[in-house]
Novice: 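Shown below is the structure under consideration.
Here the structure is a predicted model, which means the values were calculated and not measured. Counting starts at 1 for both ligands and their atoms, in listed order.
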Amino acid sequence: MAATRSIELKTEVPGPRSREILDRKDRVVAEPLSVYLPVVIAEGEGATLTDVDGNSFIDFTGGIGCLNVGHSHPRVVEAVHEQVDRFLHTDFTIIPYENYVGLGERLAELVPISGEKRVGFFNSGAEAIENSIKFARSYTKRPAVIAFDGGFHGRTLLALSLTSKTHPYKAGLGPFAPEVYRVAFNDVGAVEDAFRTRIAAEEVAAIVFEPVQGESGFIVAEPEFVRGLRALCDEHGIVLVADEVQTGFCRTGRVFAMEHYDVEPDLVTVAKSIASGLPLSGVIGRAPIMDAPGDGAIGGTYVGNPVAIAAAHAVLDVIAEERLAERGAQIGETIRARMESWAARWDEVAEIRGLGAMLAVELRKNGKPAPDLATAVTEGAAQRGLLLLKAGIYGNCVRVLVPLVIGDAQLDEALDVWEESLEAAL
Ligand code: PLP
């Protein structure tokens, strides 16, 4: 292992104070809210966090992709403080505030959709997805939605209906929302077949896809596939929704993953890194679609909270000032090169997938998915001071959602620990 500069372990992991809090948690918090890493955070800064036992870790989980500008970026913290001192809430549709309008203007400039655009802000990724379907249904006056195998769009009823993973997300929670049709990802022919055998194209309001599928293990949409979806949507008057909740805000080496493609979606959903972990999401898209629902049909008491919006303005400042998209691309190259050396060394490192700094390794044993190996790697890494997340339909991928503000030395340190954990697990 390289000389450690960021990782500093003072106790075993989890330490005594973390264990005590986790014991209390078990007695009061509902069981389905199980904890993935047994490290109770005290403070976070950039790509590192310190737990309640004084241990310092490098954090590759990034709040499941919410922390592209890192933990507690000073610009974000300052903007939040400034807003907190002025007012916390009104409900924008009762008493409006300027920072909501300003964020709308900035995002309308940034999203890779041409022409006149509108925005609406919400709280969570799932809520943005639900609303994107409301916009599409109101505009097209059609009921059906097409989504894809391996897709993840959230946990509320319609979002969960679009989500494709049964365990742990869907099992036992039906009935699901009707008029959702799921087809194979990266297969335009599967959509065309669905139009013949399952739902007439003229009844489809929206096609919803992730440019890089997140939960199912960082599967990148092929350019031909995205082009094909655009052509089908144009031919049949369907709204194309790009779910950029996880891919957005520089993760893939561009501000939005759709910038890698030569076609435009009609609507983009955003959340996660938009406000550095404060609850904020949004839909940005073509004006006629976004203007279609009736007055009052879109909204919610807390949507577009002014404190979260202040954080989002700071995130956009950091993205521009720190050239975070370029940094995402650079980090991606460094990580990919290291992952490729693992693939060359170990048969179990079966595939490396992703775009920019949204990368995952898929682990297989004798050709079969190896979720136990992925667990051994993430657990071993946590013991060594690196926090990693799994992914994949079979839970056999280890993914990177590292803050993009990580320094080069920190990144090397983290990759050394990952390599050592992989070697130990194998
Ligand atoms: N869409 C995508 C692509 C996601 O990755 C997620 C969350 O992981 C969601 C939607 C749901 O977002 P939230 O958990 O904020 O509801």
Novice: At what distance is the nearest protein heavy atom to atom 5 (O) of ligand 1, and which residue and atom is it?
Specialist: Q246 NE2, 2.9 Å
Novice: To the nearest 0.5 Å, how far apart are OG in S6 and CD in E45?
Specialist: 9.5 Å
Novice: Check this for me, if you would: do E413 and R384 make a salt bridge, where the nitrogen-to-carboxylate-oxygen distance has to be below 4.0 angstrom?
Specialist: no
Novice: Just which atoms of ligand 1 are under 4.0 Å from any heavy atom in E210?
Specialist: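 With E210 as reference, the close atoms of ligand 1 come out as 3 (C).
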Novice: Take every heavy atom of I64, measure it against each atom of ligand 1, and state whether any distance is under 4.0 Å.
Specialist: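 No, I64 has no heavy atoms under 4.0 Å from ligand 1.
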Novice: Atoms of ligand 1 less than 4.0 Å from A126 heavy atoms?
Specialist: 11 (C), 12 (O), 13 (P), 16 (O)
Novice: So, F92 versus Y302, ring centres under 6.0 angstrom or not?
Specialist: no
Novice: Using a 4.0 Å heavy-atom cut-off, say whether K272 meets ligand 1 through its side chain, its backbone, both or neither.
Specialist: side chain
Novice: Tell me whether K170 contacts the main-chain N or O of T163 through its side chain, where contact means a donor paired with an acceptor under 3.5 Å.
Specialist: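 Flag set: sc K170 to bb T163 pair under 3.5 Å.
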Novice: Using a strict cut-off of 4.0 Å, indicate which atoms of ligand 1 neighbour a heavy atom of S124.
Specialist: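 Listed by number with element: 15 (O), 16 (O).
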Novice: Report the residue from L359, L404, L355, I331 that forms a side chain to side chain contact (heavy atoms under 4.5 Å, CB included) with R251.
Specialist: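 Output: one option passes, namely L404.
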Novice: Closer than 4.0 Å to some heavy atom of D243 - which atoms of ligand 1 meet that?
Specialist: 1 (N), 2 (C), 3 (C), 10 (C)
Novice: Distance below 4.0 Å between atom 8 (O) of ligand 1 and any protein heavy atom?
Specialist: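 It does: a protein heavy atom is found less than 4.0 Å away from atom 8 (O) of ligand 1.
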Novice: Nearest 0.5 angstrom please: R399 CZ to F218 CZ, how far?
Specialist: 5.0 Å
Novice: Atoms of ligand 1 less than 4.0 Å from G125 heavy atoms?
Specialist: 11 (C), 12 (O), 13 (P), 15 (O), 16 (O)
Novice: Any heavy atom of E244 sitting closer than 4.0 Å to ligand 1?
Specialist: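 The answer is no: ligand 1 sits nowhere under 4.0 Å from a heavy atom of E244.
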Novice: Keeping K165 on the side-chain end and G150 on the backbone end, is there a donor-acceptor pair under 3.5 Å?
Specialist: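 Absent.
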